[in-house]
Structures are given as C-alpha cells and as structure tokens.
Amino acid sequence: MNSIALLIVLPAIAAWMTMRCRNERQQYLLGILTVSALAIAALFLYFDGFESSYALPYWLEWLVVAADIGLLLYFAWQGVRHGRRIVTWLAAAQLLLYIWAETALPEASAPQVVVDALSTFMFLIVNIVGGIIVLYAVRYMSYEKMPEEKKRLFVAFLLLFLSVMNAVVISNSLLLFFFLFEATTLASYLLIRFRGDAVAVGNALK
C-alpha cells in the first residue's frame with residue numbers, strides 16, 4: 001500500500017516542489033529523483049506480484065462526485081467562453097449522464113480500487129515512459145521564451161498528469177474512472193493550450 005500511495009502522491013508533491021525550484025539544474029535534479037523513485041516503486045510492485053483491493057471512504061466518494069461535477073462545469077464554461085458550442089454541449093451531456101449514473105445505477109459492491117498484475121504492469125509503462133517525458137520536458141522548456149515560473153508550471157502539469165494516470169490504472173469503479181479520465185482531460189487541455197495563443201487554445205479545445 002505504501003508503494004501505491006507513493007506512486008500517486010509523490011508526483012503531486014514533486015509538482016509543488018517544481019514551482020519552488022530556483023533554476024533549471026534544481027528542477028532537473030528534482031525530476032531525476034522523482035522519476036527514479038517512481039520507477040523503482042513500479043518495478044518493486046511488478047516483480048513482487050503485489051495484489052490487493054480497497055474500498056474508498058464514504059466522504060472520499062462524495063468528494064470525487066463533487067470534483068467531477070466541477071470539472072464538467074469547467075469544460076462547459078470553457079466552451080461558452082471560447083464560443084465552441086460543441087464543447088459546451090458535450091460537457092453538458094456528460095454532466096447529465098454522470099448525474100444519472102450516480103443516482104440511478106445500483107451501488108457497486110466491488111472495491112473501487114484494485115491492484116492486480118495488469119495494473120502493476122501499467123505502473124511500469126506510465127512511470128518509465130512518463131518519467132522520460134518529464135525529464136525531456138525540463139530540457140525542452142529551457143529553450144522556450146517565456147517567464148521561468150511559467151516554464152516550471154508546464155513541468156508541474158506533467159507531474160500532476162503522471163499522478164492521475166497512476167490512479168487511473170487501479171480504478172475499479174466506473175464513476176471513479178470517469179472522474180480520473182476527466183482529470184487527464186483537464187491536464188491535457190492545460191498542457192496543449194499552454195502558450196495561450198489562439199492556435200494553442202483552438203487545438204486544446206479540439
């Protein structure tokens with residue numbers, strides 16, 4: 001369980017620490033330490049054959065519901081703000097579907113979080129490939145002509161994306177998976193529109 005928590009929490013902590021790095025060297029060192037720890041944890045879980053399941057506390061289930069509704073409202077607002085009706089309609093349709101699923105579907109008896117052979121294998125893929133991308137992004141952003149704080153924000157978004165992806169692969173609940181999938185959508189949207197120009201925003205909305 002400690003390794004699972006590490007895979008989900010460490011990238012989020014590293015994202016926060018990234019915003020406080022003073023220079024690229026510190027940021028790169030932090031990235032190396034973070035992705036190395038994630039890769040080791042993923043390898044340990046995979047070769048250990050660790051399997052388990054967990055039920056979410058009741059309060060956390062409702063927090064997930066509230067967060068997902070908030071995300072869908074945000075996407076609908078982005079559609080209105082940028083004059084993209086299709087984005088607004090799709091977000092509204094997803095919101096109605098989510099509310100229906102939450103209220104009409106019978107409560108699942110299975111645990112919401114399951115760690116098995118497939119999820120531990122996916123941990124390897126997510127953290128090794130994702131770790132390489134994070135380290136590449138640190139170097140890539142050094143060539144971008146923008147404030148240093150904004151460059152660090154890009155890498156922080158990538159680390160948060162990594163955190164969410166680690167949670168996705170152990171989701172055993174449709175509603176939890178739906179929320180986490182929307183969280184990856186948010187991360188993708190923020191990363192694609194990062195430059196903030198019309199082309200980037202247009203591509204992100206697509």
Side-chain angles (χ1 to χ4, degrees), residues 1-16 34-35 37-76 90-134 156-192:
M1 181 59 183
N2 290 336
S3 296
I4 304 297
L6 180 72
L7 289 171
I8 296 172
V9 175
L10 181 59
I13 295 173
W16 176 79
T34 301
V35 301
L38 293 172
I40 290 169
L43 284 165
F44 172 79
L45 286 170
Y46 180 73
F47 288 110
D48 186 56
F50 179 81
E51 294 190 12
S52 190
S53 60
Y54 311 95
L56 294 180
Y58 187 72
W59 64 268
L60 188 54
E61 287 187 56
W62 280 105
L63 185 61
V64 166
V65 171
D68 205 354
I69 290 172
L71 276 176
L72 292 170
L73 290 173
Y74 172 78
F75 293 141
L90 286 173
Q94 284 181 273
L95 182 58
L96 291 173
L97 179 62
Y98 185 77
I99 292 172
W100 171 81
E102 182 62 39
T103 56
L105 292 180
E107 188 173 340
S109 57
Q112 295 95 335
V113 174
V114 170
V115 182
D116 56 15
L118 177 59
S119 56
T120 55
F121 175 73
M122 290 307 298
F123 279 145
L124 283 177
I125 302 298
V126 168
N127 291 285
I128 292 175
V129 175
I132 292 169
I133 292 170
V134 167
F157 283 158
L158 272 178
L159 286 164
L160 289 173
F161 187 91
L162 202 56
S163 179
V164 174
M165 285 302 299
N166 279 327
V168 166
V169 300
I170 57 175
S171 172
N172 192 48
S173 157
L174 182 61
L175 296 177
L176 178 60
F177 178 80
F178 193 86
F179 161 68
L180 293 169
F181 195 79
E182 289 302 328
T184 64
T185 303
L186 175 64
S188 299
Y189 176 70
L190 294 174
L191 287 166
I192 295 169

List the atom pairs, donor and acceptor, that lie under 3.5 Å between side-chain atoms in residues 178-187 and the rest of the protein, sequence neighbours left out.
unit_1, atom_1, unit_2, atom_2, d
Glu182, OE2, Gln94, NE2, 2.6
Thr184, OG1, Phe181, O, 2.5
Thr185, OG1, Phe181, O, 3.0

Apply side chain to side chain contact (heavy atoms under 4.5 Å, CB included) to the pair Val64 and Leu176, showing each step before the final yes or no.
CA-CA 7 Å; Val64 166; Leu176 178 60; 4.1 Å; yes
For [X] versus [Y], what's the shortest heavy-atom pair and its separation?
X      : Y      : answer
Leu95  : Leu72  : CA-CD1, 3.6 Å
Ser188 : Phe161 : OG-CE1, 3.6 Å
Pro111 : Tyr54  : CB-O, 3.3 Å
Gly130 : Leu162 : CA-CD1, 3.8 Å
Leu159 : Thr34  : CD2-CG2, 4.3 Å

Taking the side chain as everything from C-beta on, heavy atoms only, tell me whether [X] gets closer than 4.5 Å to [Y].
X      : Y      : value
Thr120 : Val115 : yes
Gln112 : Asn172 : no
Ile4   : Phe50  : yes

Contacts of type side-chain hydrogen bond (donor to acceptor under 3.5 Å, both in side chains), residue [X], not counting sequence neighbours:
X      : result
Ser119 : Asp116
Trp62  : Tyr58
Tyr189 : Gln78, Arg193

In terms of heavy-atom contacts, does CZ of Phe121 have more than 12 from other residues, nucleotides or ligands at under 6.0 Å?
no
What residues form a side-chain contact (heavy atoms from CB on, under 4.5 Å) with [X], not counting sequence neighbours?
X     : result
Leu97 : Trp100
Leu43 : Phe47, Leu124
Ala37 : Leu10
Ala39 : Ile128

Could you go through the side chain to side chain contact (heavy atoms under 4.5 Å, CB included) check for Leu7 and Leu45 one step at a time?
CA-CA 10 Å; Leu7 289 171; Leu45 286 170; 3.6 Å; yes
Pairs flagged by side-chain hydrogen bond (donor to acceptor under 3.5 Å, both in side chains) wherever residues 159-171 is involved - sequence neighbours left out:
Asn127-Asn166
Just do the side chain to side chain contact (heavy atoms under 4.5 Å, CB included) check on Ile170 and Val114 with the steps written out, would you?
CA-CA 5 Å; Ile170 57 175; Val114 170; over 6 Å; no
Pair Leu191-Leu158, side chain to side chain contact (heavy atoms under 4.5 Å, CB included): steps then yes or no
CA-CA 8 Å; Leu191 287 166; Leu158 272 178; 3.8 Å; yes
To the nearest 0.5 Å, how far apart are CD1 in Ile8 and CE in Met165?
12.0 Å
